[in-house]
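One structure is given below, encoded as structure tokens.
Reminder, nothing fancy here: chain letters follow the sequence lines and each chain counts from 1. Because the structure is predicted, anything quoted here is derived from the model rather than measured.
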Number of protein chains: 2
Amino acid sequence: MKNLVSQCPIEEVMQVLSGRWPTLLIYYLKDGTKRFSDLRRDNPTISHKMLTFELRKLEDAGIVTRTEFEGYPLRVEYDLTPAGLRLVPLIDALGEWWEETGDSERVDAGALQTTSVE
Amino acid sequence: MKNLVSQCPIEEVMQVLSGRWPTLLIYYLKDGTKRFSDLRRDNPTISHKMLTFELRKLEDAGIVTRTEFEGYPLRVEYDLTPAGLRLVPLIDALGEWWEETGDSERVDAGALQTTSVE
DNA sequence: TCGTGGTTACAAAAAGGTGCGTAATTTACT
DNA sequence: AGTAAATTACGCACCTTTTTGTAACCACGA
């Protein structure tokens, strides 16, 4: 984690939430405690390296907690923090906005165009 | 723009909003019509390549409109669409969440730690 | 030997920066 | 008058940086 000190809070949140995984992981953790392997099953296309990396980022951001238990095989549990839980409805709202906005307002892949005033 | 067709709407919104610029550009466009050069002034560290690229993405997503005027020097204006305007409060909410959550709950740079149950 | 939750090194892919070219008109200089 | 330069919003090619994937290795115990 390098430079979280920027001007505006929006820039800072986006540094944490940007990318494919952060919001998805939060989404899966909504359902309660998950282990590393659970999250991999939930999302089979993430590599284990990415998963550890993203989980650390969320941990550092105060969104998830990581709890490591003694004994073998190793067991580690991930949960949303209270702050993480408060974040869930905001992410949901983005998803709803996207659905409401609908494909009709978006450009069909392949057929880009530009409004020209002549 | 490659593959916007995925399972979940959250994954799709994040494909558009991820990165440093999209939310910032939306933020600046909140204030009303902006030209290309205005946006570069608002945000001096973005390269022209990135700015055009990001603006196209937002246009394709139905968040901004691009209006090109005849005459020289060229003039192009960017505005938020109604959908873009509806998005603004959602982004604001993320920024507020970040501020409320506060640095105290986040890990100080350089001093990472892990909860260990022994 | 397998399963868990990692780490590390190396390789591939994606993102991003820099600089040049372009359009048609105005302004600036000689 | 004639030429040169600046202007705006890009596209394109080349190159560097960052991100992500792959594979191998570790610990330990059943």
Side-chain angles (χ1 to χ4, degrees), chain A residues 1-4 11 14-25 28-29 33-60 64-79 112-118, chain B residues 1-4 11 14-25 28-29 33-60 64-79 112-118:
Chain A
M1 180 146 287
K2 38 186 65 167
N3 187 17
L4 263 180
E11 217 173 329
M14 290 316 291
Q15 237 167 79
V16 175
L17 298 186
S18 277
R20 270 179 88 179
W21 307 118
T23 50
L24 280 183
L25 293 179
Y28 286 120
L29 284 168
T33 302
K34 294 258 178 171
R35 298 179 54 179
F36 187 86
S37 45
D38 294 330
L39 290 168
R40 289 214 67 185
R41 262 185 292 279
D42 288 336
N43 211 314
T45 60
I46 195 173
S47 67
H48 60 270
K49 179 183 161 184
M50 268 293 100
L51 184 51
T52 46
F53 181 78
E54 296 290 348
L55 285 170
R56 299 283 184 207
K57 218 173 51 172
L58 293 175
E59 198 193 347
D60 294 351
V64 310
T65 52
R66 189 189 113 101
T67 315
E68 190 174 301
F69 294 89
E70 293 270 305
Y72 289 86
L74 237 56
R75 186 159 64 94
V76 180
E77 290 185 350
Y78 292 93
D79 280 283
L112 313 222
Q113 58 203 293
T114 278
T115 315
S116 266
V117 178
E118 332 232 348
Chain B
M1 178 147 289
K2 39 185 65 166
N3 186 18
L4 263 181
E11 215 173 330
M14 290 315 292
Q15 237 167 81
V16 175
L17 298 185
S18 276
R20 270 179 88 180
W21 308 117
T23 50
L24 280 182
L25 293 179
Y28 285 120
L29 285 168
T33 302
K34 295 258 178 170
R35 297 180 53 181
F36 188 85
S37 46
D38 293 331
L39 290 168
R40 289 213 69 184
R41 261 185 293 279
D42 287 338
N43 212 315
T45 60
I46 195 172
S47 68
H48 68 269
K49 180 181 164 186
M50 268 294 100
L51 184 52
T52 45
F53 181 78
E54 297 290 348
L55 286 170
R56 299 282 185 208
K57 219 173 50 171
L58 293 174
E59 199 193 347
D60 293 352
V64 311
T65 53
R66 189 189 114 100
T67 315
E68 190 174 303
F69 294 89
E70 293 270 304
Y72 287 84
L74 238 56
R75 188 158 63 93
V76 181
E77 290 185 350
Y78 293 93
D79 280 284
L112 313 222
Q113 58 204 293
T114 277
T115 316
S116 266
V117 178
E118 332 232 351

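- The line from CD of Glu68(A) to CZ of Phe36(A) is 12.5 Å long, rounded to the nearest 0.5 Å.
- Arg20(B) places no side-chain N or O within donor-acceptor distance of the main-chain N or O of Glu11(A), the cut-off being under 3.5 Å.
- One can place NZ of Lys57(A) at 10 Å from C1' of dT19(D), the figure rounded to the nearest angstrom.
- Out of dA9(D), dG5(C), dC28(D), the shortest distance to the side chain of Tyr72(A) is found at dC28(D).
- Distance from the side chain of Glu54(A) is smallest to dT20(D) among dT20(D), dC10(D), dG6(C).
- Residues Pro73(A) and Ile46(A) both approach DNA chain D. Their nearest nucleotides, taken by heavy-atom distance, put Ile46(A) toward the 5′ side.
- For Met50(B) and dC12(D), the CE to P distance is 15 Å, given to the nearest whole Å.
- Atom CZ of Arg20(A) is separated from atom P of dT19(D) by 17 Å (rounded to the nearest Å).
- Note that CE of Met50(B) is 11.0 Å distant from CG of Leu55(B), once rounded to the nearest 0.5 Å.
- Between Phe53(A) atom CZ and His48(A) atom NE2 the span is 14.0 Å, to the nearest 0.5 Å.
- Taking 4.0 Å as the cut-off between side-chain N and carboxylate O, Asp38(A) and Arg41(A) count as a salt-bridged pair.
- Picking from dG6(C), dC10(D), dG17(C) the nucleotide with the shortest atom distance to the side chain of Lys49(B) gives dG17(C).
- Between Tyr78(B) atom OH and dT8(D) atom P there is a gap of 14 Å when expressed in whole angstrom units.
- Protein atom CG of Leu55(B) is 7 Å distant from nucleotide atom P of dC10(D), rounded to whole Å.
- One atom, CG of Leu39(B), and another, P of dA9(D), lie 9 Å apart when rounded to the nearest Å.
- Side-chain N/O atoms of His48(B) and base N/O atoms of dG17(C) include no donor-acceptor pair closer than 3.5 Å.
- In this structure, Arg56(A) places its CZ atom 5 Å from P of dG6(C), rounding to the nearest Å.
- Contact annotation: Arg75(A) does not reach the phosphate of dG5(C) (side-chain N/O to OP1 or OP2, under 4.0 Å).
- A straight line from CG of Leu51(A) to C1' of dG6(C) spans 11 Å, rounded to a whole angstrom.
- You'll find that the side chain of Ser37(B) is closest to dA9(D), out of dG5(C), dC12(D), dA9(D).
- Here dC10(D) is the nucleotide among dG16(C), dT22(D), dC10(D) with the atom lying nearest to any side-chain atom of Arg66(B).
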